[in-house]
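See structure below.
Letters A, B, ... are given to chains in the order of the sequence lines, protein chains preceding strands, and every chain is numbered from 1. Keep in mind the model is a prediction, meaning the values are calculated, not measured. Just the heavy atoms: all of them, side chains too, but no hydrogens, waters or symmetry mates, feed the values below.
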Amino acid sequence: MTAKSKDREPAPALPVARVCVDVPLPHLDRPFDYLVPAADDAAAQPGVRVKVRFAGQMVNGFLLERVESSAHARLAFLDKVVSPERVLDPEIARLARAVADRYAGNLSDVLRLAVPPRHARVEAQAMPAVPTPEDDPGSAVPAMVSGPVMPDGPGEAVDSAAADEPVSTAVPGAGAVAAVGADDAVSVDVPGAVAAVGADDAVSVDVPGAGVVGADDQVSVDVPDMDAVPAVGAEQAGDGQPGSGGAHPVDAAPVAVEPGRAAHSADAGAAVSSDASGSFAPGWADYPAGPAFLHALADGRPARAVWSALPGEDWPARIAEAAAATVRAGKGVVAVVADARDLERLDRALTKVLGDGRHVALNAAAGPSERYRRFLAASRHRVPVVVGTRAVMFAPVADVGLVVIWDDGDDLHAEPRAPYPHAREVLLTRAQLAGCAALVGGFARTGEGQLLLETGWAKEIVATRGTLRARSPAIAPTGDDPQLARDPGAATARLPSLAWQAARQALQGGAPVLVQVPRRGYLPSVACAECRTPARCPHCSGPLGLAGARSVPTCHWCGRAAAAYACPACGGRRLRASVTGARRTAEELGRAFPGVPVRTSGRDEILDTVPGDAALVVATPGAEPVAEGGYGAVLLLDTWALLTRADLRAAEETMRRWLSAAALARPAPAGGRVVVVADGSLAPVQALLRWDPGWFAARELAERRELGFPPAARMASLTGKAEAVAELLDATHLPPGAEVLGPVPAPDDQERMLVRVSRGRAAELARALHEAAAVRSAKKAALPVRVQVDPAELL
DNA sequence: ATAATAACGAGA
DNA sequence: CTCGTTATTATC
């Protein structure tokens with residue numbers, strides 16, 4: 001078996017394999033060449049896992065491509081092909097490289113995120129092990145293929161080989177979106193001839209607007225967040241990046257979301273087809289640009305949209321319809337949601353719209369074998385639609401036609417493992433590279449979403465004011481109202497009277513009431529138990545907080561203890577927590593509304609749905625159950641705890657949580673009300689009252705532009721021991737105009753520095769940081785420094 | 001981790 | 001100048 005190198009013969013054709021080895025060192029972040037033993041010629045296809053001897057030890061790796069020769073003189077043989085399963089799709093290999101570049105990370109790190117660990121038994125069970133000609137990405141046209149599409153279901157699905165036979169003729173590559181189909185040109189007739197990973201130049205030629213996707217051009221690959229595109233009235237187009245300006249898809253690609261009609265000229269009778277798409281997805285007709293978008297998807301055109309969902313919107317159904325339209329065009333879909341609950345809803349909606357076996361849902365909850373099984377179902381092109389939590393952003397599908405992210409403001413979309421990519425950015429990069437459609441949806445809109453609109457990369461899908469009026473609940477603010485203490489019912493439940501009335505009315509009408517309270521321990525501050533005046537520090541007027549149940553109140557700002565606190569308003573000496581956990585709120589509310597069932601949904605126990613009967617539902621943000629028929633009232637409590645957080649995104653996050661909760665209320669005509677306990681003059685409150693996430697996002701983005709914060713600028717954070725961070729910064733060729741901020745103390749005796757550049761310099765910065773990290777890791781003394789581009793936590 | 005290679009220094 | 005030993009550096 002283990003024949004000596006000398007005894008082995010290299011494969012006759014394309015004897016060199018370029019391999020990405022699984023080592024996390026930045027200076028080794030490039031392909032290494034190995035000889036393919038003749039015996040492994042058939043199995044050693046691009047995308048397979050291999051084992052190689054690297055620096056004296058055996059390491060895993062991915063075979064990226066087969067080539068004729070190597071610049072390197074003496075090559076070692078591949079030790080073995082782990083499995084002929086081609087788990088790394090060429091499209092994903094390109095995407096992973098782009099993501100690594102964007103985030104100053106290693107390809108191997110990204111591949112660890114992109115390809116789940118192998119599970120040999122699953123691989124063997126589910127399929128013939130040897131790749132057949134049908135596996136050629138060029139001829140696998142799964143979406144429209146009739147015949148059995150085998151779900152690798154929970155049971156021991158044994159697939160017949162017949163399931164793989166393509167029934168229809170090869171369509172991909174037709175039309176503008178030829179990025180993936182470009183592989184056809186080098187089809188697998190010649191074993192090993194698939195040069196897809198290196199084939200960038202060939203691809204970029206035919207694809208309108210994809211000229212920007214040149215392989216080694218770092219800057220252009222980073223386009224999806226439009227570093228090279230001028231924001232409206234702001235930064236100028238990519239400094240010194242010839243070719244990226246005019247060739248940008250914004251100019252070239254048909255973004256078919258013109259309100260009320262399909263924008264593409266190829267679209268004869270746009271009005272008619274609009275109606276047609278409206279009829280297969282009537283829900284989208286509530287948005288003027290909706291039918292055109294769906295129509296574009298059904299035509300396989302790369303429309304890109306930022307969608308502000310209407311309150312009460314059945315968003316899983318809308319996404320399912322968009323997916324179905326894309327499948328109708330013979331293309332694949334990748335959709336990412338934040339958590340398991342959202343995934344379950346989307347999963348159900350897709351089953352309803354597409355039927356069984358046309359999609360897989362993937363999340364971390366499934367064990368490794370189930371996860372790999374479903375990954376294989378996608379990878380083997382058994383299903384055209386893959387949905388899941390953030391890991392599926394890298395899921396392979398045949399000829400991807402649409403990527404979707406729902407609620408992109410949710411922090412769960414940020415990957416916590418190096419190089420910390422964000423699902424939205426990954427998916428947009430993917431849409432860019434593949435030339436496919438993209439849908440960024442949510443009740444709220446992020447600064448990033450707004451930027452996509454302002455740069456023209458995507459078009460807006462929003463309802464008219466009229467539709468909004470008909471669908472929105474009645475929303476009113478109420479300050480911390482002085483009447484409070486005099487309202488006997490409210491006082492016990494610390495509800496302002498307006499909130500109390502709204503709840504009572506809804507309950508009397510037999511409708512459920514949602515009460516949103518911040519998570520426990522969020523910012524436990526205290527107030528006077530008598531008059532509710534917030535307890536403030538006698539020295540600096542900062543907010544007092546209670547660390548433990550029976551501890552001394554301590555100032556959040558100056559840290560001084562206030563043992564002998566007396567309320568300046570009423571002289572009271574007793575304090576109480578002014579931010580209470582969901583459970584305690586539930587108990588208090590139960591007392592205020594005797595006889596009404598109270599249910600809680602939070603961290604430990606999350607409810608998916610509640611029946612449409614009178615009940616109080618107390619939930620923490622993100623855990624709000626959907627009520628059958630909608631809530632009669634939604635109360636947003638203790639809002640200052642959200643609004644006063646020091647986080648850069650505090651206001652945006654607050655807005656997102658409010659909109660998500662308020663969206664679960666009935667429309668005003670059906671009696672739905674929302675009461676937000678906050679000052680009506682605050683911008684997020686204003687935006688909520690008018691249900692105008694777009695206005696708020698524009699305002700937020702303008703502010704960040706002014707302050708030089710992301711996404712208006714690009715930031716990177718460097719965390720580690722002071723000397724290590726300094727060393728890294730020293731080795732970095734910072735782009736012109738880069739600002740270095742800090743240091744800020746970080747946990748474990750470390751510190752953190754921030755580097756800021758304009759968006760036009762973002763790619764340059766990432767490259768510089770990666771190179772500097774490579775220099776450091778090459779002379780291995782290096783204490784670790786964590787490099788994060790777009791860090792989730794800023795300030 | 002380890003193998004190739006550069007650098008170095010002692011002795012002919 | 002050569003050989004043997006040790007530091008360095010690249011890792012196919």
Q) Between Arg74(A) and Asp33(A), does at least one N-O distance fall below 4.0 Å, as a salt bridge requires? A) no
Q) Does the pair Asp22(A)/Arg49(A) count as a salt bridge with the N-to-O cut at 4.0 Å? A)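 The answer is no: the pair does not qualify as a salt bridge.
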(Q) Would you say the rings of Phe54(A) and Phe32(A) are close, in the sense that their centroids are separated by under 6.0 Å? (A)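 When the ring centroids of Phe32(A) and Phe54(A) are compared, they turn out to be within the sub-6.0 Å range.
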Q | Per His27(A) side chain, nearest of listed nucleotides dC12(C), dA1(B), dT11(C) | A |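 Closest of the options to the side chain of His27(A): dT11(C).
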Q | Closest nucleotide among dC12(C), dA1(B), dA3(B) to the Gln57(A) side chain | A |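 Selected nucleotide: dA1(B).
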What integer distance in Å separates [X]:[atom1] from [N]:[atom2]?
| X | N | atom1 | atom2 | answer |
| --- | --- | --- | --- | --- |
| Met58(A) | dC12(C) | CE | P | 12 Å |
| Arg776(A) | dT9(C) | CZ | C1' | 18 Å |
| Leu25(A) | dA1(B) | CG | C1' | 12 Å |
| Phe54(A) | dA10(C) | CZ | C1' | 8 Å |
| Arg53(A) | dT2(B) | CZ | P | 8 Å |
| Leu28(A) | dA10(C) | CG | P | 11 Å |
| His72(A) | dA3(B) | NE2 | C1' | 12 Å |

Q) Looking for any heavy atom pair under 4.0 Å, which part of the strands does Arg18(A) touch: base, sugar-phosphate only, or nothing? A)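 Arg18(A): no heavy atom of the nucleic acid under 4.0 Å.
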Q: Nearest-nucleotide wise, let me know which of Arg74(A) and Lys780(A) is further upstream toward the 5' end of DNA chain B.
A: Lys780(A)
Q.
Less than 4.0 angstrom between a side-chain N/O of Arg30(A) and OP1 or OP2 of dC12(C), yes or no?
A. no
Q.
Between Ser83(A) and Glu123(A), does the side chain to side chain donor-acceptor pair (under 3.5 Å) criterion hold? Intermediate values first, please.
A. CA-CA 9 Å; Ser83(A) 148; Glu123(A) 207 171 87; 2.6 Å; yes
